[in-house]
Amino acid sequence: MEYTPVTPFRRMVDAVLLQHRQVVEEDLPERGVNKWEALRELSAARSAYGLSDRDLAVLQALISFHPGEILGEDEQTLIVHPSNRAICERLNGMPCSTMRRHLARLVQAGVVVRRDSPNGKRYARRYGEEKIAFGFDLRPLVLRFHEFCEAAEQVRAGEARLKRLRETVSLMRRDLAGLAEYGGRIRPDLSIWDAFEDLAVLTGRALRRRLSEDDLQEMKARLLEALERARKILEGMETQNVSTKADQSEQHYQNSKPESHDSELRQEKAKPAAGGPKPKPRNGCDACSPSEAPKRAVDQREANNIAIEAEQQDNRPNLPLGLVLEACPAISDYAEGSVRHWHDLVRAADLVRPMMGISPSAWDEAKLEMGPEEAAVVLAAMLERFSEIRSHGGYLRHLTAKAAQGEFSCGPMVMALMRREAA
């Protein structure tokens, strides 16, 4: 064709149309583009170009008039020239006015370009071997294919990020509802549990709608603050109860196994020296009598426990230890004494792990991804359902993979056990 028109037939010219026509003047790549793949990528990125699903349905009808599968192999076939009636028939009877409105959106977005004839009709003519066609040019689908792919990847990444954030908010909501239920049962005099329960209910209602990423981030921040407050309140109650029990059973702790071992060790050291000089007290302290050694051992052990608790404060689950032991009492049978701290629970889980057929690698990976405390809670919950789980190692690896993606919380497992026990 000797001349390519720039102005549309009986329509206003704007900067957007001129810019899109400049893109069409570029050379096509050596290899063409599959027309259905181009449509699929553009469908994924339609929000970035302000297109709707109805607009893409019209584009699909236009593409169907192209005779081949690959766009760009034959430049003469890139311009399709169906009539409005033919397009509406392939759109299952869409009204012509509606079809023209969607066509205008496709042209405005630069997905297709109009090639208007002098009288505005769509047709094709041959002059020898040259073919001149007037209609809709599909060349932008080829030239902008990589742009469509990049936009589609960004949209897919945003949707995946939004999905993970939505799942995190849902898990936090369930944890808060469970803690509010537990707190209201053991301390019904505190009104804070009603506020926590209301927040969980309102969050659940909000999750039924289509929320933006900013809305979900705001919900996550509110839920995280509420979970921290609930955890501190419940841990304060738990510490007070543990201190009371420790005062009532002080004699039991003084006769624990490590102290008996210390007494036996001192007796064994004293036997060879019966006829010789008096042996030096342990720890190099001449002023300390042997009767004070058990008390020093208890104090040292308590100091170590406090240090460990302070070090692991940030890695604890959003559940109080008392609630875990109430829902999973079987793990206490494998502990060396009473489970008073999180590290006691982790130690009991280390002991019961080989009995459940879980490999050391699976256990180490779970502690690495979840944290030792949360992994111990998961193992305690699995012990309660020992006969229901076919492969304990495989089940733990599955939960570890979800934890690595940020899609797992041990709260629902514990609360499910609580509800099953109450039923």
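Note that the coordinates shown come from a computational prediction; the quantities given were computed from them, not determined experimentally.
- Identified under the salt bridge (Lys or Arg N to Asp or Glu O under 4.0 Å) test for residues 152-163, with sequence neighbours left out: E41-R156, E153-R156, R161-E213.
- Counting only residues at least two apart or on different chains, the salt bridge (Lys or Arg N to Asp or Glu O under 4.0 Å) pairs with a member in residues 318-332 are R185-E326.
- The two atoms that bring V346 and P372 nearest to each other are CG2-O, 3.6 Å, heavy atoms only.
- Between T168 and K220, some side-chain heavy-atom pair lies under the 4.5 Å cut-off.
- Listed by first then second residue, pairs satisfying salt bridge (Lys or Arg N to Asp or Glu O under 4.0 Å) with a partner in residues 382-398 read E365-R397, R385-E388, E388-R420, not counting sequence neighbours.
- With a 4.5 Å cut-off on side-chain heavy atoms, P82 and V80 count as touching.
- Salt bridge absent: E225 and R229 never bring a charged side-chain N and a carboxylate O closer than 4.0 Å.
- Counting only residues at least two apart or in different chains, salt bridge (Lys or Arg N to Asp or Glu O under 4.0 Å) contacts with residues 88-108 comprise D55-R105, R85-E89.
- Heavy-atom contacts from other residues, nucleotides or ligands closer than 6.0 Å to OH of Y49 number more than 12.
- Between F148 and P140, the shortest heavy-atom distance links the atoms CE1-O, 4.2 Å.
- Residues satisfying the salt bridge (charged side-chain N to carboxylate O under 4.0 Å, His left out) test with D189, not counting sequence neighbours, are R187.
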Side-chain donor-acceptor contacts of residues 399-414 below 3.5 Å, not counting sequence neighbours, with atom names and distances?
unit_1 : atom_1 : unit_2 : atom_2 : d
T400   : OG1    : L396   : O      : 2.7
S409   : OG     : D175   : OD2    : 2.7
S409   : OG     : G411   : N      : 3.4

